[in-house]
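Have a look at the structure below before the remarks.
Quick caveat: nothing in here was measured; it's all calculated off a predicted structure. Chain naming here is simple, since letters A, B, ... match the order of the sequence lines and numbering starts at 1 in each. Just the heavy atoms: all of them, side chains too, but no hydrogens, waters or symmetry mates, feed the values below.
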Amino acid sequence: MKAGDHLFLIDGSGYIFRAYHALPPLTRKSDGLPVGAVSGFCNMLWKLLSDARDTSVGVTPTHFAVIFDHSAKNFRHDLYTDYKANRSAPPEDLVPQFALIRQATRAFNIPCIEREGFEADDIIATYARLAEGVGADVTIVSSDKDLMQLVGEHVSLYDSMKDRQIGPAEVREKWGVGPEGMIDLQALVGDSIDNVPGIPGIGPKTAAQLLDEYGDLDTLLEHAGEIKQKKRRENLLEFAEQARLSRDLVRLKTDTPVDLDLTALVLEPQDGPRLVAFLKGLEFSSLTRRVAEATGTDAATVEAETVEGEAGSAAHGPDLDPGDADADADTKAVGARASDAFANGAWTPAALAAKRSEAAAAGTIDHARYHCIRDLETLKLWAEEARQSGLVAFDTETNSLDAMQADLVGFSLALTHDVRDASGAAIRAAYVPLLHRKQEDDLLGGGLVEDQVPFDEALSILKAVLEDASILKIGQNLKYDWLVMKRHGVTIAGFDDTLLISYVLDAGRGNHGMDVLSERWLGHTPIPYKEVCGTGRSAITFERVDLEAATRYAAEDADVTLRLWLVLKPRLVADGLIAVYERLERPLVAVLARMEERGVSVDRQILSRLSGELAQGAAALEAEIQEIAGEPFNIGSTKQLGEILFGKLGLPGGAKTKGGQWSTSAQVLEDLAAAGHELPRKIVDWRQLTKLKSTYTDALPGYIHPTTTRVHTSYALASTTTGRLSSSEPNLQNIPIRTAVGRKIRTAFVAERGHKLVSADYSQIELRVLAHVAEIPQLVQAFADDMDIHAMTASEMFGVPVEGMPGEVRRRAKAINFGIIYGISAFGLANQLGIERSEAGDYIKRYFERFPGIRDYIEDTKAFARQHGYVETIFGRRAHYPEIRSANPSMRAFNERAAINAPIQGSAADVIRRAMIRMEDALAHSNLAARMLLQVHDELIFEVPDDEVEATMPLVRSVMEEAAMPARAMRVPLRVDVRAADNWDEAH
DNA sequence: TAGAAAACGTA
DNA sequence: GTACGTTTTCTAG
């Protein structure tokens with residue numbers, strides 16, 4: 001490079017964000033892949049390059065490079081740990097575009113530069129100074145103020161979107177200081193987006209004025225005591241150090257090590273066919289045409305490069321939240337687009353999905369090809385490849401199934417160099433052991449296995465990949481890995497989860513565990529965990545597994561996960577379920593993980609006292625029961641109990657169980673008690689006490705975490721057919737409430753010192769959903785008027801006025817209302833109400849006469865389910881009922897009832913999911929410290945600092961009540977009751 | 001020792 | 001009549 005040459009440096013990362021926000025948001029390729037930013041980027045690049053050929057334009061580049069940010073972390077984080085802490089993850093539909101823009105740069109035959117540990121700005125600064133040094137001119141394509149410090153006689157900025165050149169004069173005009181003053185100005189002002197602190201109370205105007213007066217930051221700080229304005233003076237004195245730190249943060253590094261020297265940046269001509277193929281693949285038709293013309297390429301003969309929707313990155317479907325118009329219309333538009341795409345000779349999403357599935361099933365898995373990575377250099381290479389391809393499957397190996405206890409002992413990665421190949425032939429997978437221990441059990445418990453990658457170094461390389469949202473991580477049940485990594489200081493950002501994708505696609509068609517999915521889609525049975533770690537008392541933890549077996553097992557997990565993703569992700573687009581996945585499913589992973597991580601405080605003493613009381617009560621009852629029975633027996637054994645009750649004592653047996661025994665269910669025992677027998681009542685009571693004791697007061701303390709001293713449940717996102725969550729280990733969604741004794745257990749769930757528990761629950765959400773979907777005028781009106789819905793139903797059915805209605809009448813109406821939600825049958829209603837089937841049938845008949853819309857809804861839903869094999873919630877989530885066409889009438893009836901229930905239960909579940917996804921941001925925006933701890937289907941429980949309770953309650957209420965909006969306008973309002981107290985019993 | 005059956009806690 | 005998870009007992013291996 002020499003004087004007179006002109007170097008163009010494009011701030012690729014900055015451009016991506018700016019283009020994303022500036023351009024129409026919904027630019028997508030026919031398979032749903034979002035490409036708005038890529039499109040803007042390519043057009044901009046082409047325009048600049050055209051200028052290079054057109055000598056009539058004054059500015060003609062001779063050298064050219066696009067610079068990208070490399071990793072989330074750089075030297076500035078060492079200066080200031082909170083640097084860029086305010087940055088939120090990039091928008092979902094931008095993530096897949098990072099890799100595409102790198103691909104685009106290469107397709108344009110332009111150097112694509114990035115370097116670990118440095119921001120794009122530093123590399124730009126370095127090249128700009130180098131070029132300046134040889135007398136060349138430099139144009140930096142960016143309008144970022146952070147780069148303005150570089151502007152000078154030979155260096156200017158070019159804002160490609162406003163087509164504006166920024167030289168020293170423009171900098172001074174905009175900021176009141178010249179380029180040389182920009183660093184000091186930024187140091188004073190700070191930057192809330194990058195979280196550069198600056199000095200409080202000083203904005204750009206004041207900063208410019210001060211710098212004008214004192215010359216530079218150091219002089220200003222020396223003379224800070226002379227400032228007249230009191231507050232300003234105090235702040236300058238108090239935060240002087242902070243300003244100096246800020247200066248170090250904003251000053252760009254001009255001695256970044258660079259791989260390519262200036263001569264390597266010389267502008268080469270474009271390879272016409274290659275570029276055309278790429279642009280054609282992205283369906284940029286007008287740019288394709290222009291490029292073809294300019295490069296003398298016959299576009300018609302060039303085959304489009306298959307640029308992935310595919311590129312395996314998040315292909316995007318319709319937006320559930322139509323701040324962008326009508327969601328239903330959106331959904332249909334995708335279907336329409338699919339056929340258009342086929343007309344263009346491209347794959348339709350469905351055809352692509354089918355092709356992938358076929359290839360995946362034909363692929364073979366070869367354990368011999370797996371790598372075991374045992375040195376840092378190799379690991380770095382793999383991380384680099386992940387970055388290049390923008391895609392990596394990831395799985396952790398630990399020493400516990402409990403994510404809150406698990407320590408990382410290794411991890412596996414899988415990469416592919418061709419995301420179009422679902423056969424897996426292009427996949428490489430590896431296991432990285434970190435803390436495996438020798439198997440022999442010497443006194444010290446066996447030392448570490450030799451030649452493992454040093455833990456801290458490996459973790460930091462992994463961290464850079466996992467936290468970089470522009471690299472899509474693919475996992476199976478990522479909530480587990482997310483939590484484990486979080487506990488190791490790493491926050492995974494930018495991911496897909498094959499468990500959740502499968503769940504969205506196939507809820508109701510069996511479970512979604514990796515082994516099942518692998519057999520279903522790949523025809524491959526993965527190595528069972530048992531085979532590696534054994535079972536029962538001879539089981540070992542993964543850290544004791546020898547590296548060869550561990551590699552086979554762990555690398556296979558990553559390999560299989562990546563293959564599954566290649567098959568399943570296109571199906572999301574094909575089935576129009578991308579929005580469900582991205583709006584209702586994927587965002588909950590981090591939300592739930594944080595809830596699990598927080599846990600809830602449980603008072604051991606209350607539980608232990610209760611346990612004692614329950615033990616006493618049960619023992620007393622046990623003695624009485626055995627006294628009456630005339631012999632000791634195991635009351636907990638239904639078999640023995642049946643023999644005593646219906647054999648020895650000769651009580652009349654009621655129902656039989658499936659196994660043919662006499663049933664001893666609570667219902668049967670209650671009936672016997674009502675008939676005057678004294679023993680059954682005592683057994684019911686005994687059962688209640690022992691149930692509460694064993695399931696709750698005795699079990700819960702065992703779940704208190706040794707270090708956090710709180711109870712951390714685990715939520716399953718993909719276990720129910722309807723879309724509800726489930727909770728386990730321990731299940732905190734079935735803590736007693738119905739009986740007085742049971743409720744006492746809730747008093748043990750407490751807020752930590754200085755806090756309250758706030759419980760917010762939806763009132764009658766399922767009935768409201770029913771009123772909405774079935775469009776029942778009376779119900780809609782009743783909810784609009786905030787009436788007692790069961791009383792209103794009773795009044796409508798039986799002609800009884802709501803005023804002074806007997807409790808029994810209301811109770812019956814209530815049972816019918818619930819019955820409807822559960823897919824009513826005369827049999828079930830009769831059971832519930834203890835009336836004759838014929839009478840129950842009459843009730844149902846009368847109900848349908850009064851509410852014909854409900855009958856229509858039920859019939860329509862059944863017909864839909866029979867036709868499609870699934871039903872949908874109001875947000876488009878599907879629940880499959882493959883057996884609804886069963887020839888077995890009871891099986892069929894069961895599936896029909898479930899299918900009637902699923903849209904109601906599932907829509908309610910979707911609503912609270914939406915509320916949960918929004919809640920954290922809503923709280924943060926209001927500067928509230930409330931922490932969401934638990935979800936119980938229609939209830940959310942928070943822990944809130946005492947002095948924020950008042951402010952938090954209305955916010956929580958409004959987020960929940962407005963959760964359906966704007967995606968759906970419900971015909972009925974949602975109502976939420978909110979209460980605060982010291983414990984869960986009083987808060988609910 | 002693993003898994004089914006019965007019972008029962010929640011929404 | 002829907003949707004779950006946990007506990008205890010008992011049986012099959």
Side-chain angles (χ1 to χ4, degrees), chain A residues 507-508 530 535-539 633-642 655-669 683-684 686-696 698-700 702-703 713-716 719-739 741-743 745-746 761-767 770 815-833 837 840 844 858 871 879 881 890 893-906 908-909 912 934-939 988:
Chain A
K530 297 190 286 203
T535 169
R537 61 184 9 258
S538 62
F633 71 102
N634 184 348
I635 309 172
S637 161
T638 50
K639 191 157 166 276
Q640 292 180 37
L641 177 62
K656 289 274 190 75
T657 65
K658 264 187 279 182
Q661 297 182 49
W662 287 112
S663 167
T664 64
S665 68
Q667 182 63 59
V668 168
L669 298 179
I683 292 165
V684 169
W686 179 88
R687 278 196 183 153
Q688 185 193 14
L689 300 187
T690 52
K691 173 84 178 180
L692 294 176
K693 184 172 185 296
S694 67
T695 311
Y696 303 104
D698 287 352
L700 280 173
Y703 286 103
T713 183
S714 174
Y715 288 104
S719 78
T720 72
T721 307
T722 55
R724 274 194 178 178
L725 306 180
S726 73
S727 154
S728 63
E729 293 181 290
N731 181 354
L732 294 185
Q733 291 180 321
N734 71 343
I735 302 303
I737 191 167
R738 287 177 193 181
T739 65
V741 212
R743 284 186 86 110
I745 290 163
R746 291 200 169 209
D761 64 301
Y762 283 105
S763 161
Q764 309 280 18
I765 187 167
E766 295 194 351
L767 278 175
L770 174 68
I816 296 171
N817 277 334
F818 275 99
I820 297 293
I821 290 172
Y822 297 155
I824 201 156
S825 75
F827 179 84
L829 184 63
N831 250 349
Q832 175 69 29
L833 287 175
R837 258 182 71 169
I844 295 170
I858 289 174
V871 290
Y881 295 95
S890 68
F894 173 75
N895 278 276
E896 286 174 354
R897 289 194 298 271
I900 291 163
N901 172 256
I904 303 169
Q905 187 185 112
I912 197 166
L934 302 175
Q935 190 252 39
V936 192
H937 308 309
D938 64 357
E939 176 188 15
H988 184 81

Whole-Å gap separating [atom2] ([N]) and [atom1] ([X]):
X        : N      : atom1 : atom2 : result
A:Arg743 : B:dA11 : CZ    : C1'   : 15 Å
A:Leu641 : B:dA5  : CG    : C1'   : 15 Å
A:Tyr696 : B:dC8  : OH    : P     : 12 Å
A:Ile683 : B:dA7  : CD1   : P     : 12 Å
A:Lys691 : B:dT10 : NZ    : C1'   : 10 Å

Mind checking [X] for me? I need base, sugar-phosphate or nothing, with any heavy atom below 4.0 Å counting as a touch.
X        : result
A:Ala815 : base
A:Gly636 : sugar-phosphate
A:Ala666 : sugar-phosphate
A:Asp761 : nothing
A:Ile737 : sugar-phosphate
A:Gln640 : sugar-phosphate
A:Arg738 : base
A:Ile735 : sugar-phosphate
A:Gln832 : base
A:Phe818 : nothing
A:Ala893 : nothing
A:Ser694 : sugar-phosphate

Give the first and the last nucleotide of DNA chain C, reading 5' to 3', that has any atom under 4.0 Å from a heavy atom of chain A. C:dG1 to C:dT11
Taking the minimum atom-to-atom distance to the side chain of A:Arg537, which one of B:dC8, B:dA6, B:dT1 wins? B:dT1
Measuring from atom CD1 of A:Ile824 to atom CG of A:Leu829, what distance do you get when rounded to the nearest 0.5 angstrom? 5.0 Å
Hey, is the side chain of A:Arg724 poking within less than 4.0 Å of OP1 or OP2 on B:dA11, counting only N and O atoms? no
Would you please confirm or rule out a distance under 4.0 Å between OP1 or OP2 of B:dA7 and any side-chain N or O of A:Thr664? yes
Considering non-hydrogen atoms only, spot the tightest contact between A:Ile745 and A:Tyr696 and give its length. CD1-CB, 3.7 Å
Validation row: [X], [Y] side chains within 4.5 angstrom (heavy atoms):
X        : Y        : answer
A:Leu669 : A:Arg687 : yes
A:Trp662 : A:Lys656 : yes
A:Gln733 : A:Leu725 : yes
A:Leu732 : A:Val936 : no
A:Ile683 : A:Thr664 : no

Please report the C-alpha distance between A:Ile904 and A:Tyr822 in whole Å, then the side-chain angles of each, then the deciding distance to 0.1 Å, and finally whether the side chain to side chain contact (heavy atoms under 4.5 Å, CB included) criterion is met. CA-CA 9 Å; A:Ile904 303 169; A:Tyr822 297 155; over 6 Å; no
